[in-house]
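Because the structure is predicted, anything quoted here is derived from the model rather than measured. A note on names: the letters A, B, ... follow the listed sequences, proteins ahead of strands, and every chain is numbered from 1.
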Protein chains: 2
Amino acid sequence: MFKYRLLTPGPTPVPEETLLELARPVPHHRTAEAREILAEVVAGLQYVLQTSSDVLPLTCSGTGAMEAALIHAAPRGAKAICLVAGKFGERWHKLWRAFGVESVAVTVPPGEVVTPEQLEQSLQAHPDAIAVCVVHSETSTGVKHDLKALGALVARTQAVFVVDAVSSAGALELRMDDWHIDFLATGSQKALMLPPGLAFVAVSEKGWQAASRHQPPTFYFDLRKAREKIREHDTPFTPAHTLLRALRRSLERIRREGIENIWRRQARIALACRAGVQALGLELFARVPAEGLTAVKVPASVDGQELLRRLEKHYGIKLAGGQDQLKGKIFRIAHMGYIDFFDVLAAIAAIELTLRDMGFPVTPGAGVAAAQKAYAEAPA
Amino acid sequence: MFKYRLLTPGPTPVPEETLLELARPVPHHRTAEAREILAEVVAGLQYVLQTSSDVLPLTCSGTGAMEAALIHAAPRGAKAICLVAGKFGERWHKLWRAFGVESVAVTVPPGEVVTPEQLEQSLQAHPDAIAVCVVHSETSTGVKHDLKALGALVARTQAVFVVDAVSSAGALELRMDDWHIDFLATGSQKALMLPPGLAFVAVSEKGWQAASRHQPPTFYFDLRKAREKIREHDTPFTPAHTLLRALRRSLERIRREGIENIWRRQARIALACRAGVQALGLELFARVPAEGLTAVKVPASVDGQELLRRLEKHYGIKLAGGQDQLKGKIFRIAHMGYIDFFDVLAAIAAIELTLRDMGFPVTPGAGVAAAQKAYAEAPA
């Protein structure tokens with residue numbers, strides 16, 4: 001018997017107290033209590049995102065939230081710059097185009113990040129760009145963009161800075177206001193410790209100004225209507241309000257620990273995880289890794305999909321593989337949200353056992369010892 | 001002590017077995033098991049809607065599903081006819097216009113329905129209309145449109161028939177294929193016995209043909225992409241998959257009882273409810289009432305909002321009031337989904353007690369006796 005351990009970068013495990021909240025009877029959503037819950041959830045999200053801007057809960061996936069952000073950021077016919085470091089950057093590039101926005105892609109190979117220098121060049125080449133779009137933590141490759149540096153560049157221009165924080169909010173240092181983020185989208189099923197079903201968009205003053213210049217092609221994702229309603233602690237349409245009620249529990253947990261403590265803990269676990277896999281003779285994939293997950297190259301002699309299958313079947317460890325062209329070439333260990341150091345240690349132990357079973361040479365204990373040592377020696 | 005009884009027309013109570021499913025740990029959503037669940041859920045929904053068409057689960061509210069249906073049904077610049085018998089009909093009329101579709105409204109006063117004759121006239125006056133949109137059960141007033149007759153008229157034209165079945169699917173007789181419905185949208189939180197968070201769109205062959213003639217302004221709500229994915233039992237974006245897993249339980253319950261049995265049971269409870277409130281000296285609001293809820297006029301001598309407040313505070317009975325201009329003028333008792341005859345009997349008993357407390361003359365026992373008699377004498 002092994003317990004089932006979900007260490008995928010979305011969905012992630014949900015704390016038991018949050019799960020139990022989901023099993024409570026359904027209340028009505030147009031009541032004083034529901035408004036109080038919504039107000040608490042919004043305040044909790046503002047804390048997580050370090051912003052005083054409006055945070056708007058939407059009933060949709062992270063892609064829906066990014067669509068809402070993009071269509072308010074730039075109208076049909078406008079030009080945007082899209083920093084592409086993997087599958088999700090590519091998706092937003094396609095999304096811009098689906099809405100008739102000319103998206104200039106600054107693309108780097110998988111595992112790399114777009115640097116501030118590259119953005120600067122693109123901004124100079126395209127002074128008419130009115131939006132810049134980037135994925136903070138690019139889940140498909142495990143890299144992290146330097147939002148602080150990128151945001152400072154965008155802030156000097158007319159363009160709004162649109163950030164996908166789906167797998168970073170609540171895991172990586174993220175300061176919406178200080179970093180000049182104008183549209184920030186995130187989802188419920190990563191470090192916010194909830195099942196999928198909710199997503200959130202936060203909009204700065206510069207963002208609202210950009211949105212006021214055109215009529216976005218939407219009814220459901222109309223953020224201006226959502227803003228009017230949220231100021232009365234309400235939503236334009238029936239929200240997934242039992243998920244909101246449950247989110248309150250997860251946000252309480254975040255507040256108890258403190259967001260900066262969580263960022264530090266994430267960084268420490270990430271460090272330990274990486275030490276562990278490297279001690280097994282494996283190579284990291286991301287050049288600038290995000291703290292929420294670790295992407296690892298599959299050695300040439302190992303069948304990557306078989307490795308994942310065995311990890312799940314024999315040891316109950318569910319990791320994620322690579323997507324699209326990275327399928328079989330990398331695997332990804334998530335350590336964001338309700339995943340602790342010992343879960344990660346279990347994953348490393350299972351990877352070690354499985355690699356051994358598959359004939360890949362490993363020194364028994366090397367991975368877990370290295371992870372434990374790195375954890376112990378890292379700043380608390 | 002009184003138990004809390006939620007008898008609002010959305011959200012409605014959720015069966016305990018479904019709630020418990022929501023508290024189970026979060027699995028991954030790109031697995032064989034998740035695909036199996038999705039396939040079962042789609043088959044269950046096809047059964048509820050009596051259709052062999054594609055049924056596409058979307059993570060959004062009912063409004064999102066209607067938006068998805070409308071933008072595929074007609075492009076910007078086209079003309080549509082919108083039958084308006086209340087707040088939701090008005091919303092779809094506005095939605096058409098938000099997307100640049102010329103919406104011709106056929107509007108009737110609250111409590112009335114648009115008749116087939118009225119639609120026929122409108123179709124004759126607007127032979128260039130390419131879509132007709134109607135709410136099956138207009139929750140704001142409690143009326144039911146005659147979809148069978150309306151659908152037969154639309155089927156003779158080039159127009160597609162777009163139906164809001166949010167508060168009818170699973171409660172009222174509804175036969176998508178036989179009644180020539182081309183786009184059907186419904187939500188999770190009414191008779192399907194789930195919390196809000198999921199919605200569904202089903203599309204006929206004629207509907208897909210209409211959708212193929214233009215590029216709908218969306219990325220998230222792209223139904224053609226959703227159709228491709230659903231055929232592999234998958235979704236384009238992370239779905240609210242723990243809600244889907246829970247929906248399986250509620251759909252199993254529907255299948256065990258049999259959809260036609262449920263329609264009959266709903267009709268019987270509706271009959272009993274109406275006999276009960278009329279025996280209290282109250283008047284029904286809807287001229288052609290939908291089986292899922294009963295809208296009741298508030299007597300001139302009674303404060304409608306105070307009535308609702310007291311029902312909830314003293315007896316734990318949560319009913320819905322009127323919306324917008326009907327606020328304080330009507331109240332609505334839902335009896336769809338996981339609400340049985342005895343819950344409705346409790347509501348009538350509580351209304352009787354509360355009216356008496358408020359000085360409205362009632363004969364003690366008259367309401368419950370009439371409801372019980374009507375229930376006993378109605379065809380099983």
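Between A:Arg224 and A:Glu228 there is no salt bridge, since no side-chain nitrogen of the basic residue lies less than 4.0 Å from a carboxylate oxygen of the acidic one.
Seen from the ring of B:Phe219, B:Lys225 counts as a face-on cation partner, given the 6.0 Å and 45° thresholds.
Between the side chain of A:Thr59 and the backbone N or O of A:Ala240 there is at least one donor-acceptor pair closer than 3.5 Å. The closest donor-acceptor contact from the side chain of A:Thr8 to the backbone of A:Ala320 lies at 3.5 Å or more, if one exists at all. A distance-only check finds a donor-acceptor pair linking the side chain of B:Thr186 to the backbone of B:Ala165 [under 3.5 Å].
Residue contact with chain B, scored on non-hydrogen atoms closer than 4.5 Å, is absent for A:Gln215. Using a 4.5 Å cut-off between heavy atoms, A:Thr242 touches chain B through its side chain atoms alone. For a residue to count as touching a neighbouring chain, one of its non-hydrogen atoms must lie under 4.5 Å from one of that chain's; by this rule A:Leu95 touches chain B with backbone and side chain alike.
Proximity of A:Trp92 to A:Thr63: side-chain heavy atoms (C-beta onward) are separated by under 4.5 Å at one or more points. Looking at heavy atoms from C-beta onward, B:Gln189 lies out of side-chain contact with B:Pro195 at the 4.5 angstrom threshold.
By the 30° and 60° cut-offs, the orientation of the rings of B:Phe2 relative to B:Tyr315 is perpendicular.
Every residue meeting the side-chain hydrogen bond (donor to acceptor under 3.5 Å, both in side chains) condition with B:Ser168, not counting sequence neighbours, appears here in chain and number order: B:His136.
Proximity to chain A among residues 10-18 of chain B is limited to B:Gly10, B:Pro11, B:Thr12, B:Val14, judged by heavy-atom separations below 4.5 angstrom. Below 4.5 Å, heavy atoms of chain B meet heavy atoms from A:Gly64, A:Glu67, all part of residues 64-73 of chain A.
Inspection of the A:Ser61 and B:Thr238 side chains reveals no N or O donor paired with an N or O acceptor under 3.5 Å.
Contact count versus chain A (heavy atoms, under 4.5 Å) is highest, among B:Ala246, B:Cys60, B:Gly197, B:Pro217, for B:Cys60.
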May I have the list of side-chain donor-acceptor pairs in residues 22-33 of chain A shorter than 3.5 Å, sequence neighbours left out?
{"unit_1": "A:Arg24", "atom_1": "NH1", "unit_2": "A:Glu21", "atom_2": "OE2", "d": "2.6"}
{"unit_1": "A:His28", "atom_1": "ND1", "unit_2": "A:Arg30", "atom_2": "N", "d": "3.1"}
{"unit_1": "A:Arg30", "atom_1": "NH1", "unit_2": "A:Asp234", "atom_2": "OD1", "d": "2.6"}
{"unit_1": "A:Arg30", "atom_1": "NH1", "unit_2": "A:Thr235", "atom_2": "O", "d": "3.3"}
{"unit_1": "A:Thr31", "atom_1": "OG1", "unit_2": "A:Ala34", "atom_2": "N", "d": "3.1"}

